Amino acid sequence: MTKSFGYAAQSKTSELEPFSFERREVGADDVLIDVEYCGICHSDIHQVRDEWGGSIYPMVPGHEIVGRVAEVGANVTKVKVGDYAGVGCMVDSCGECTYCKSDIEQFCEKGAALTYNSTYMDRVTPTYGGYSTNIVVPESFTLKINDSENLAAVAPLLCAGITTYSPIRRFGVKEGSKVGIVGLGGLGHMGVKFAVAMGADVTVFSTSPSKEEDAKKLGAHHFVVSKDPEQMKAQASQFDFILDTVSASHDLNAYLQCLKYNGAMVLVGIPEKPAEVLAPLLVMQQRNLTGSAIGGIAETQEMLDFCAEKGIVSDIELIGVDYLKEAYERTVKADVRYRFVIDIATLKAKEAQN
Ligand code: NAP
Ligand code: ZN
């Protein structure tokens, strides 16, 4: 077995605490990654607190993982010892169903093995995420990192990056598209960067007026304070595409009315409670409301390569493990600018003290 040390929640009400555990031995198709940085996604908080139900404890969160390859199995050719590598939201899938064969493993018919709060495909062994010193992943779920200069700022691409890149590409956002990004947090700020990179005219909808300057620095062309009904009314029927990244309950109708005829609003945020949708807003302008889940491994690699080529990384606040509690509190208060990333060196220092 492979010894690992991480931070885990023991229940939905407990704080993250040091946790020693074991990962499987490195098999012939596996890669052992010595974790260097792990981003904090709002999904970590939802799941630690069991806001979506069915959480499995102890839970070591984290699915925005980058580090160095420390060991590879005999069959591995994608990476070698010493390379930088990443792990996103999935660590395995059946590999045989239509969806796996179509490179959309996130929709695996058997249910993909998620990086944490899940089980491996044996449906027994729990998975533990990246708030930890190392991780063992099959080669096929390992991502190659080409931008090793900004490793900490690359980490959030593994979830926030792919989750926004995928729908922006799928809905054909291009030069001249009128795009709205709702919520300027971890996902939202990546959504702005990608939509701007595709040449779109980008509007940020935010509840935080103080984020206007940042939004413009990120490349957004317009900023709308979503709490101001007058500003919202002025956006009616303007948008081709709206990406909703909001983590808490909010009024979807206020954004649906902003779509043009046949425009699309894609939900990536997953609030705890259901939302009400006014049917006429969809019917009368034939507007589309749908969702999007991360992205497949091949598309994640495409996104990482796109980011390396364009110089796109996340805007981060690098923190030590002692700051986890504050980081969660600040994220929930929409006070993250714009992704917390854990420096796993601070975790390794804790392990040495233990
Ligand atoms: P985050 O960094 O906390 O950003 C969420 C943003 O939403 C906040 O910064 C804030 O932006 C806005 N917001 C927060 N509370 C709000 C409220 N009560 N009303 C209106 N706006 C509010 O979170 P994240 O990591 O980007 O994740 C966002 C959501 O996406 C989470 O629900 C997460 O679980 C989900 N997610 C989904 C996928 C997927 O595959 N679909 C993948 C990753 C994450 P402003 O200050 O600008 O208003
Ligand atoms: Zn995530």
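Worth knowing before you read on, the calculation uses all heavy atoms, side chains too, and leaves out hydrogens, waters and symmetry mates. Only a predicted model underlies this, so the values are computations on that prediction, with no experimental measurement involved. Just so you know, ligand 1 is whichever comes first in the structure, and atom 1 is the first atom listed for that ligand.
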Q: Could you check whether the rings of His46 and His42 sit parallel, tilted or perpendicular, using 30° and 60° as the cut-offs?
A: tilted
Q: Give me the ring orientation class for Tyr165 and Phe194: parallel if the planes are under 30° apart, tilted from 30 to 60°, perpendicular past 60°.
A: perpendicular
Going by atom types alone, do [X] and [Y] pair a side-chain donor with an acceptor below 3.5 Å?
| X | Y | value |
| --- | --- | --- |
| Thr346 | Asp343 | no |
| Tyr131 | Asp44 | yes |
| Thr125 | Arg23 | no |
| Ser292 | Arg170 | yes |

Q) Mind checking what makes side chain to side chain donor-acceptor pair (under 3.5 Å) contact with Ser314, not counting sequence neighbours? A) His189
**Q.** For Lys193, all residues meeting side chain to side chain donor-acceptor pair (under 3.5 Å), sequence neighbours excluded
**A.** Asp315
Q. In the protein, how many N/O/S atoms are under 2.8 Å from the Zn ion (ligand 2)?
A. 3
Q) Quick one: do Val192 and Tyr338 end up in the same hydrophobic cluster if we chain Ile, Leu, Val, Met, Phe, Trp and Tyr together by side-chain heavy atoms under 4.5 Å apart? A) yes
Q: Show the protein residues that qualify under the rule heavy atom under 4.0 Å from an atom of ligand 1, listing them in chain and number order.
A: Cys41, His42, Ser43, His46, Trp52, Cys159, Thr163, Gly183, Leu184, Gly185, Gly186, Leu187, Ser206, Thr207, Ser208, Lys211, Thr245, Val246, Ser247, Ala248, Val268, Gly269, Ile270, Ser292, Ala293, Ile294, Thr331, Ala334, Val336, Arg339
